[in-house]
There are 2 protein chains.
Amino acid sequence: MSKLGIKDIAARSGVSPATVSRTLRNPELVNKDTRKKVMKAVRESGYTPNRFGSSLRTQQSGNIVVMMPDITNQVNAGIIRAIEVEAQKTGYSVLLGDTQGQEARERHYAQMVSSGQADGILLYTHRLPFDLDNLTANLPPLVNGNESIEVEGLNKVMVDNVQGAKDGVNHLVALGHRRIAAVLGDNNAPSNRERLQGFQQALQQAGIEPDEQYLVQGDYTTESGMKAMEALLKLRKRPTAVFCFNDDMAIGAMSVLREYGYAIPGDISIMGFDDIRYASLMNPPLTTIHQPLEEIGQASMRLLLAQLSGKNSAPQHIQLPLQLVVRQSTGPAPESD
Amino acid sequence: MSKLGIKDIAARSGVSPATVSRTLRNPELVNKDTRKKVMKAVRESGYTPNRFGSSLRTQQSGNIVVMMPDITNQVNAGIIRAIEVEAQKTGYSVLLGDTQGQEARERHYAQMVSSGQADGILLYTHRLPFDLDNLTANLPPLVNGNESIEVEGLNKVMVDNVQGAKDGVNHLVALGHRRIAAVLGDNNAPSNRERLQGFQQALQQAGIEPDEQYLVQGDYTTESGMKAMEALLKLRKRPTAVFCFNDDMAIGAMSVLREYGYAIPGDISIMGFDDIRYASLMNPPLTTIHQPLEEIGQASMRLLLAQLSGKNSAPQHIQLPLQLVVRQSTGPAPESD
DNA sequence: CTGAAAGCGCTTACAG
DNA sequence: CTGAAAGCGCTTACAG
């Protein structure tokens with residue numbers, strides 16, 4: 001049998017193609033008996049409307065594209081899974097845009113909207129994938145998530161990184177730590193700057209003098225966490241606590257401490273950020289800041305859906321709370337020195 | 001400006017739409033000068049061909065759909081990332097089909113091919129998402145990866161689970177272990193059955209009597225690994241080594257051992273399967289069987305591409321090797337008993 | 001409530 | 001090498 005078309009269903013049920021189309025898309029416009037006849041033919045034949053035809057006509061693809069720097073990252077994976085659930089509920093499909101931090105890839109995926117392959121973009125990278133020219137005027141339907149881009153008029157779903165970092169520091173301070181180091185994430189990431197800001201504010205509020213040597217640059221990878229920890233161990237006055245700006249770096253740092261025979265938290269407390277799935281399974285379980293991945297994905301998708309359905313309200317900015325999760329990788333500051 | 005179409009470019013460059021189309025798709029059919037004129041107009045105007053038009057005409061979407069039970073799983077995430085890289089090279093885009101093990105979702109994503117939304121399927125679930133009727137006759141372009149489905153004529157990309165499990169057991173036997181337990185994965189997963197098969201074969205070859213109490217059912221989740229480990233600890237004759245059929249369960253098992261104060265590998269050796277990104281960062285680093293995720297993704301996509309380009313050869317079955325990675329979670333069997 | 005007709009934006013077989 | 005024309009499969013404004 002050749003591919004079934006709307007005309008075949010029309011013939012089978014003795015109505016016009018127009019009526020078949022209406023039955024499928026706007027059943028309330030069709031007489032109940034007619035509807036039944038058509039639905040019967042559809043069911044019996046196993047007809048599925050061809051997407052190309054309807055897309056060409058309606059100029060809607062029913063797809064959205066999710067742009068993320070790395071899908072194998074647990075945070076991103078958790079978010080995209082929530083997006084997919086929400087998308088499916090409303091009949092949308094999700095195109096995967098793993099950008100690997102490459103601008104060419106970002107542009108490639110952004111193109112999908114102009115070519116009609118996607119109706120909107122969920123953007124979790126830290127820059128817009130368009131030429132900046134007269135862009136702000138006619139942005140495609142887009143929601144910026146996690147990494148806040150400094151452009152007017154963007155819909156955003158963010159997380160309170162400043163407060164999250166403060167909560168982390170306050171926890172360490174309450175445990176008696178004064179020599180608190182930070183392992184920073186990717187320098188280009190707004191999330192990193194926000195976490196640093198919260199970190200510094202909390203230290204100041206605790207009356208702790210900022211100390212440059214306790215700020216080590218990382219890039220959110222486990223490897224960078226390992227390197228940073230090694231650098232910190234070489235310091236004459238070692239920190240008693242290390243706040244890594246994500247869990248991957250914290251896990252890297254912990255593996256270095258284990259290798260050198262330091263006790264966690266006996267000698268050094270370690271704190272992460274994200275609460276990835278493996279954080280609670282570390283040895284010791286990692287104290288960290290929990291990210292509401294499901295809520296981020298869900299809120300992003302809903303905001304995009306609102307735009308796609310033409311609600312042209314002012315850009316929204318949703319900010320979700322983070323939560324400190326205390327486990328065993330942090331403890332009282334050692335009394336020694 | 002309204003949306004740019006092929007007619008606009010035709011007008012701008014003084015040729016027919018047909019020639020614009022040829023220039024973009026089959027430039028070798030077009031005179032060099034004409035080509036230049038057209039490309040200039042395309043460049044200056046920023047024209048991107050509308051996908052709906054070409055798709056309707058060619059009956060190709062340029063998308064493929066990847067069906068996986070859980071995208072947040074490190075193994076799946078690694079595979080889909082490799083798929084995406086390979087797809088992009090050839091101009092294909094990847095639709096995400098996170099099935100969550102639900103048959104309704106599997107069918108939904110399978111539908112994409114009949115509706116034209118996708119040209120082919122990469123299937124990493126353990127069953128076909130179609131009615132079995134007269135199906136085998138006209139299967140859509142499809143590659144079955146990782147979880148081998150028992151249906152004639154499927155293209156497959158698999159991993160040698162039997163040999164992988166054997167290598168694992170042999171390593172433990174070489175360390176002097178005789179009481180070797182297994183924590184099994186999802187009962188429905190062919191991968192689990194294959195690993196069990198290799199496990200049992202290797203025990204037999206080592207002359208070790210099979211012991212039912214050392215076979216504990218899990219389901220590939222960390223939680224199931226924890227439960228299984230607790231059950232094993234209650235045994236009168238505890239095993240000296242536990243082979244978990246994936247890393248997640250091994251990580252769960254390790255966290256239970258830590259909680260109860262057992263030394264790894266001093267008291268009990270733990271072995272995983274997969275070599276996820278965090279395996280080497282565990283405390284102690286996990287001995288496991290490495291999966292070539294990139295190769296799996298790449299081979300799958302290439303096989304699908306071959307089908308899509310009409311090479312109608314006999315179904316191929318690619319089997320990739322696994323590799324034992326010895327780290328510190330396994331050691332000599334304790335001499336005590 | 002239903003049908004006939006136009007048209008969405010391309011591509012390609014055909015003719016020249 | 002190029003153009004005119006048909007047509008891919010739908011949807012919807014219009015008319016009845």
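Not measured: the values here are computed from a predicted model. Each chain gets a letter, A, B and so on, in the order the sequences are listed, and its residues count up from 1.
As a whole-Å value, the separation of A/Asn50 CG from D/dG7 P is 17 Å. Separating the CG atom of B/Leu29 from the C1' atom of D/dG3 is a distance of 14 Å, rounded to the nearest angstrom. What separates CD1 of B/Ile9 from P of C/dC10 is a distance of 9 Å, to the nearest Å.
The side-chain heavy atoms of B/Leu123 and B/Leu128, taken from C-beta on, include a pair separated by under 4.5 Å. Looking at A/Val75 and A/Leu293, their side chains come closer than 4.5 Å, going by heavy atoms from C-beta outward. Residues B/Pro49 and B/Leu24 form a side-chain contact, since some pair of their non-hydrogen atoms from C-beta on lies under 4.5 Å apart.
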Secondary-structure notation, DNA chain C, from Watson-Crick and G-U pairs under 3.5 angstrom (| other strand): |||.||||||||.|||

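Enclosure of atom CD in A/Glu295 by more than 12 non-hydrogen atoms of other residues, nucleotides or ligands within 6.0 angstrom is indicated.
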For residues 110-119 of chain B, tabulate all N or O donor-acceptor pairs below 3.5 Å that involve a side-chain atom, not counting sequence neighbours.
{"residue": "B/Ser114", "atom": "OG", "partner": "B/Gln111", "partner atom": "O", "Å": "3.0"}
{"residue": "B/Ser115", "atom": "OG", "partner": "B/Met112", "partner atom": "O", "Å": "3.3"}
{"residue": "B/Ser115", "atom": "OG", "partner": "B/Gln117", "partner atom": "N", "Å": "3.4"}
{"residue": "B/Gln117", "atom": "OE1", "partner": "A/Arg51", "partner atom": "NH1", "Å": "3.0"}
{"residue": "B/Gln117", "atom": "NE2", "partner": "A/Asn63", "partner atom": "OD1", "Å": "3.1"}
{"residue": "B/Gln117", "atom": "NE2", "partner": "A/Ser93", "partner atom": "OG", "Å": "3.0"}
{"residue": "B/Asp119", "atom": "OD1", "partner": "B/Ser61", "partner atom": "N", "Å": "2.9"}
{"residue": "B/Asp119", "atom": "OD1", "partner": "B/Ser61", "partner atom": "OG", "Å": "2.9"}
{"residue": "B/Asp119", "atom": "OD2", "partner": "B/Ser61", "partner atom": "N", "Å": "3.3"}
{"residue": "B/Asp119", "atom": "OD2", "partner": "B/Gly62", "partner atom": "N", "Å": "2.9"}

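Qualifying salt bridge (Lys or Arg N to Asp or Glu O under 4.0 Å) partners for A/Glu86, counting only residues two or more places apart in sequence or in other chains: A/Lys89, A/Arg302. Considering only residues two or more places apart in sequence or on other chains, A/Arg277 meets the salt bridge (Lys or Arg N to Asp or Glu O under 4.0 Å) condition with B/Asp248.
Judged by distance alone, the side chain of B/Arg105 and the main-chain N or O of B/Gly97 form no donor-acceptor pair under 3.5 Å.
Of the listed nucleotides (C/dT11, C/dT2, C/dC8), C/dT2 has the atom at the smallest distance from the side chain of A/Asn31. With D/dC10, C/dG3, C/dC1 as the candidates, the nucleotide lying closest to the side chain of A/Ser54 is D/dC10.
The two atoms that bring B/Pro190 and B/Ser148 nearest to each other are CG-O, 3.3 Å, heavy atoms only.
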Verdict with supporting geometry, B/Asn146 and B/Ile79, side chain to side chain contact (heavy atoms under 4.5 Å, CB included): CA-CA 10 Å; B/Asn146 278 11; B/Ile79 292 174; 3.3 Å; yes

Protein-nucleotides 12-16 of chain C N/O pairs closer than 3.5 Å?
{"residue": "C/dT12", "atom": "O4'", "partner": "B/Arg57", "partner atom": "NH2", "Å": "3.2"}
{"residue": "C/dA13", "atom": "N6", "partner": "B/Arg22", "partner atom": "NH2", "Å": "3.1"}

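C/dT12 sits 16 Å from C/dG16 when the C1' atoms are compared, rounded to a whole Å.
One finds the OG1 atom of A/Thr125 at 9.5 Å from the CD atom of A/Glu103 (value rounded to the nearest 0.5 Å).
Looking at residues 37-49 of chain A, you'll see A/Tyr47, A/Pro49 sit with a heavy atom under 4.0 Å from some atom of DNA chain D.
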